[in-house]
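Encoded as structure tokens, the structure appears first; notes follow it.
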Amino acid sequence: MMKQPEDVINKGLMKDVKHDHMSKKESKWAYIKKNYILYLFLLPAVTLVFIFKYIPMYGVLIAFQDFSVTRGIFGSDWVGLAHFRSFLTSPNFFQIFSNTIKLSVYGLVIGFPVPVLLALMLNQVRRAKIKKNIQLIVYAPHFISTVVIAGMIFIFLSPAGPINALITQVTGDSIAFMSNPAYFRTIFIISGVWQGAGFSSIVYVAALSNADPQLHDAATIDGASLLQRIWHIDVQVLKPVMAVLFILAVGGIMGVGFEKAYLLQTDMNIPASEIIDTYVYKRGLLSGDWSFGAAVGLFNTIIGLILLVIANGVIKKLNGETLY
Amino acid sequence: MSKQTLINNSRFDRMILFLNKILLILIVLAIIIPIAYVVVGSFLKPNILLNQGISFNPEHWTLDGYRRIFEDGSIVRGFLNSVLYASGFTFIAVSFTVLAGYALSVETLVGGKIITVFFLFAMFFNGGMIPTYLVVRSLGLINTPWAIILPGAVGVWNIILTRTFFKGVPKELKEAAEIDGASDFRIFISVILPLSKPIIFVIALFAFIGQWNAYFDAMIYLNDRSLYPLQLVLREILVQNEVPPGMIADQLARAEMQRAAEMIKYSSIVVASLPLMVMYPFFQKYFEKGVMVGSLK
């Protein structure tokens with residue numbers, strides 16, 4: 001008699017627990033059913049990313065095969081690391097690899113600080129209207145296409161072009177800029193700064209305009225000179241932004257400027273202008289050497305990822321120990 | 001105020017500021033002069049430009065370069081193709097991105113985390129040029145506009161961006177609509193979308209410009225010249241030095257042909273770059289916003 005209520009309670013509890021358990025599973029499905037429209041919203045993007053990002057990731061397997069289009073991934077022969085070996089031991093490996101690294105590292109060393117300096121300079125322009133107009137002008141080259149930039153470079157630097165007209169007036173001799181490998185990197189990097197520095201400065205200009213103006217007033221009262229204020233206030237404001245952008249830039253080292261490099265490539269400047277991506281394109285797509293091209297591309301991606309991780313670690317350490 | 005210290009520093013400071021102004025003027029000139037040279041050059045008779053450089057004598061001016069461009073179909077057709085590709089690309093990029101970004105911004109979404117990881121992973125790792133090409137090829141997209149429009153349309157970074165934006169929309173707005181009995185779809189259309197005009201506009205702007213100026217996908221996926229976008233036609237003229245024969249067919253002497261071809265280079269640069277050059281100042285605010293919300297390219 002006394003047990004009955006307990007039983008009832010127990011049963012009731014059990015029921016509740018059971019019900020709870022059920023409702024969690026049920027509610028998941030109920031949720032999906034009720035909000036199916038959200039999943040429909042996701043479907044197009046998921047489909048495109050799956051087809052054009054994930055299937056190619058799987059397709060990377062052909063780097064370890066002698067892929068033939070007619071036999072497909074399942075039917076082609078596996079060759080292990082043979083393509084990697086043949087790339088790494090090929091006579092032009094060192095040149096292509098060092099061209100890639102040099103082009104992007106020099107580009108980074110020269111191209112990275114310019115937008116920062118430009119932002120610091122713009123920040124000293126007092127009249128808002130003038131500042132805005134200067135910004136408008138320095139952004140302009142960003143909107144010119146890579147093909148047009150390459151075309152302008154060919155026009156300006158051609159033997160009969162305006163720059164050689166000036167040079168011949170001074171030295172009496174013209175310079176074959178586009179067919180001499182010695183000039184390739186300089187041309188590539190300077191034109192990159194011309195095109196990109198203004199637009200890249202936007203993010204720094206915005207960071208500076210968010211800085212507390214009272215800091216400057218206080219520093220001025222304390223007798224700090226302009227350069228001291230720029231160094232101790234403005235530059236400090238920019239440091240975190242620079243750190244993030246630097247990590248991203250280092251991560252992108254292996255994939256830098258390929259489209260422009262390909263356009264500026266001439267038969268004569270190949271010793272300096274052949275970089276990994278142009279090589280992948282020519283060997284893999286133009287000559288139909290699919291597996292070899294995929295292997296070289298994969299090599300490039302992996303080096304890029306390693307660089308990203310290293311840069312991230314280094315900046316973390318620097319930020320942790322010295323900057324703050 | 002301590003005028004004393006201001007005066008102490010002021011002479012050196014003023015010199016720095018003066019130097020700053022000079023440098024900025026030089027930078028502005030370094031940007032304007034090459035652009036102006038091409039624009040002026042496009043109106044100059046080619047032998048004048050070649051022999052004596054820029055001239056402002058009206059007798060030396062001509063519209064011949066532009067006439068040649070518009071008489072031949074290549075540039076015009078490339079222009080129209082580019083409008084089509086850039087619009088299609090922008091439409092897909094914006095709609096797919098915004099829909100996905102909204103769904104992921106719903107905090108209670110079952111499986112939302114897994115799907116976010118699915119997108120993020122694709123941002124850091126990719127199969128590369130050759131495997132992507134093989135996928136596009138096996139889908140039968142080579143030589144169709146879809147090869148330009150589809151593969152790059154969904155930018156993972158943009159999805160993350162819109163998700164963050166939608167998360168910032170006050171919950172009360174949604175709840176109020178729910179109480180009124182609005183469905184998820186209805187809430188999205190009439191509450192969320194009107195609020196997200198700025199971010200939609202920024203994504204559309206960057207997508208359109210990026211596609212308008214791109215040439216590489218078109219180069220590898222399109223062989224049919226009638227499908228070429230403007231940038232690919234320009235590449236032939238400017239980089240490969242192959243002016244469409246129709247533009248210079250009337251010139252008989254080889255030297256004359258070359259001069260006409262040279263002039264066409266200048267005027268085609270102007271025709272191709274003019275639309276963006278004229279439009280971007282109106283959108284300056286949005287570019288600044290766009291770069292701020294997440295260094296969109």
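Please read these numbers as outputs of a predicted model, since none were measured by experiment. All chains are named by letter (A, B, ...) in the order of the sequence lines, taking the proteins before the strands, and each is independently numbered beginning at 1. Excluded from the calculations below are hydrogen atoms, water molecules and symmetry mates; all remaining heavy atoms, backbone and side chain alike, are included.
- Taking A:G198, A:G297, A:A45 one by one and counting their heavy-atom pairs under 4.5 Å with chain B, the maximum is reached by A:A45.
- Note: B:L238 CG to A:L263 CG = 9.5 Å, rounded to the nearest 0.5 Å.
- Here B:V135 is the residue among B:V135, B:L104, B:L276 with the most heavy-atom pairs under 4.5 Å with chain A.
- Of all heavy-atom pairs spanning A:M57 and B:F121, the tightest one is SD-CE2, 3.6 Å.
- With a 4.5 angstrom heavy-atom cutoff, B:L29 does not touch chain A via any of its atoms.
- With a 6.0 Å radius and a threshold of 12 heavy atoms from other residues, nucleotides or ligands, B:R186 has its CZ atom at or below the threshold.
- Heavy-atom pairs under 4.5 Å with chain A were tallied for B:I159, B:V106, B:L139, B:T108; the largest tally goes to B:T108.
- Without hydrogens or angle criteria, A:W290 side chain to B:P131 main chain gives no donor-acceptor distance under 3.5 Å.
- Interface residue B:V110: backbone and side-chain heavy atoms are both found under 4.5 Å from chain A.
- From B:L134, atom CG reaches atom CD1 of A:I62 across 5.0 Å, with rounding to the nearest 0.5 Å.
- Not a single donor-acceptor pair under 3.5 Å links the side chain of B:Y133 to the backbone N or O of A:L285.
- The environment of CD1 in B:I114 is sparse: at most 12 heavy-atom neighbours from other residues, nucleotides or ligands sit within 6.0 Å.
- For A:A294, the parts lying under 4.5 angstrom from a heavy atom of chain B are both the backbone and the side chain.
- Atom CD of A:Q124 sits about 11.0 Å away from atom NZ of B:K21, to the nearest 0.5 Å.
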#### Entry: Candidate pair A:N35 and B:L109, rule side-chain contact (heavy atoms from CB on, under 4.5 Å), full reasoning
CA-CA 8 Å; A:N35 297 287; B:L109 186 80; 5.8 Å; no

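- Comparing B:N241, B:I269, B:I92 by how many heavy-atom pairs each has under 4.5 Å with chain A, the most go to B:I269.
- Contact tally against chain B (heavy-atom pairs below 4.5 Å) for A:L305, A:L308, A:V125: the top residue is A:L305.
- A pairwise comparison of heavy atoms in A:K53 and B:A122 identifies CB-CB, 4.0 Å as the closest pair.
- In this structure, chain B has no heavy atom under 4.5 Å from any part of A:Y58.
- Using bins of under 30°, 30° to 60° and over 60° for the plane-to-plane angle, the ring pair A:F258/B:F216 lands in the perpendicular bin.
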#### Entry: Residues B:M279, A:F143; criterion side-chain contact (heavy atoms from CB on, under 4.5 Å); working and verdict
CA-CA 10 Å; B:M279 277 170 1; A:F143 297 95; over 6 Å; no

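- Taking B:I209, B:L150, B:I27 one by one and counting their heavy-atom pairs under 4.5 Å with chain A, the maximum is reached by B:L150.
- A:L42 places a side-chain heavy atom less than 4.5 Å from the side chain of B:F119.
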### Message
Does B:F96 form a side-chain contact (heavy atoms from CB on, under 4.5 Å) with A:V49? I'd like the steps, not just the answer.
### Response
CA-CA 11 Å; B:F96 287 19; A:V49 169; over 6 Å; no

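- Under the 3.5 Å distance criterion, the side-chain polar atoms of B:D13 are left unmatched by any main-chain donor or acceptor of A:S225.
- Judged by distance alone, the side chains of A:T146 and B:Y215 never bring a donor and an acceptor atom under 3.5 Å apart.
- At a 4.5 Å heavy-atom cutoff, A:L286 makes no contact with chain B through either its backbone or its side chain.
- With a threshold of 4.5 angstrom between heavy atoms, A:R229 approaches chain B through side-chain atoms but not through N, CA, C or O.
- For a residue to count as touching a neighbouring chain, one of its non-hydrogen atoms must lie under 4.5 Å from one of that chain's; by this rule B:I31 touches chain A with backbone and side chain alike.
- Within the 3.5 Å criterion, the main-chain N or O of B:F118 finds a donor-acceptor partner in the side chain of A:Y54.
- At a threshold of 4.5 Å between non-hydrogen side-chain atoms, the residues B:V136 and A:F52 count as touching.
- Of the two parts of B:I32, only the side chain, counted from C-beta on, holds a non-hydrogen atom closer than 4.5 Å to a non-hydrogen atom of chain A.
- Proximity of B:W212 to A:S145: side-chain heavy atoms (C-beta onward) are nowhere separated by under 4.5 Å.
- Between chain A and the residues B:Y266, B:F125, B:Y37, the largest count of heavy-atom pairs under 4.5 Å involves B:Y37.
- With a threshold of 4.5 angstrom between heavy atoms, B:T132 approaches chain A through its backbone and through its side chain.
- Contact of B:I130 with chain A is made through the side chain alone, with heavy-atom distances under 4.5 Å.
- Heavy-atom pairs under 4.5 Å with chain B peak, among A:L122, A:L43, A:L298, A:I144, at A:I144.
- Contacts between A:I37 and chain B at a heavy-atom distance below 4.5 Å involve the side chain alone, from C-beta outward.
- For chain B, the nearby part of A:L48 is the side chain; its heavy atoms alone come within less than 4.5 Å.
- Note that OG of B:S105 and CZ of A:F41 are 10.5 Å apart. Values are rounded to the nearest 0.5 Å.
- Considering CG of B:N126 and OG1 of A:T301, their distance stands at 5.0 Å, rounded to 0.5 Å.
- Here CG of B:L23 is found 10.0 Å from CG of A:L118. Values are rounded to the nearest 0.5 Å.
- Contacts between A:F67 and chain B at a heavy-atom distance below 4.5 Å involve the side chain alone, from C-beta outward.
- Below 4.5 Å, heavy atoms of chain A meet heavy atoms from B:Q231, B:L234, B:R235, all part of residues 228-237 of chain B.
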### Task
For side-chain contact (heavy atoms from CB on, under 4.5 Å), just list the numbers for B:N213 and A:V148, CA-CA rounded to whole Å, side-chain angles, deciding distance to a tenth of an Å, and then say yes or no.
CA-CA 9 Å; B:N213 281 340; A:V148 168; over 6 Å; no

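- Looking only at distances, a side-chain donor or acceptor of B:Y280 sits under 3.5 Å from a matching main-chain atom of A:L136.
- Closest heavy-atom contact between B:V239 and A:V147: CG2-O, 4.4 Å.
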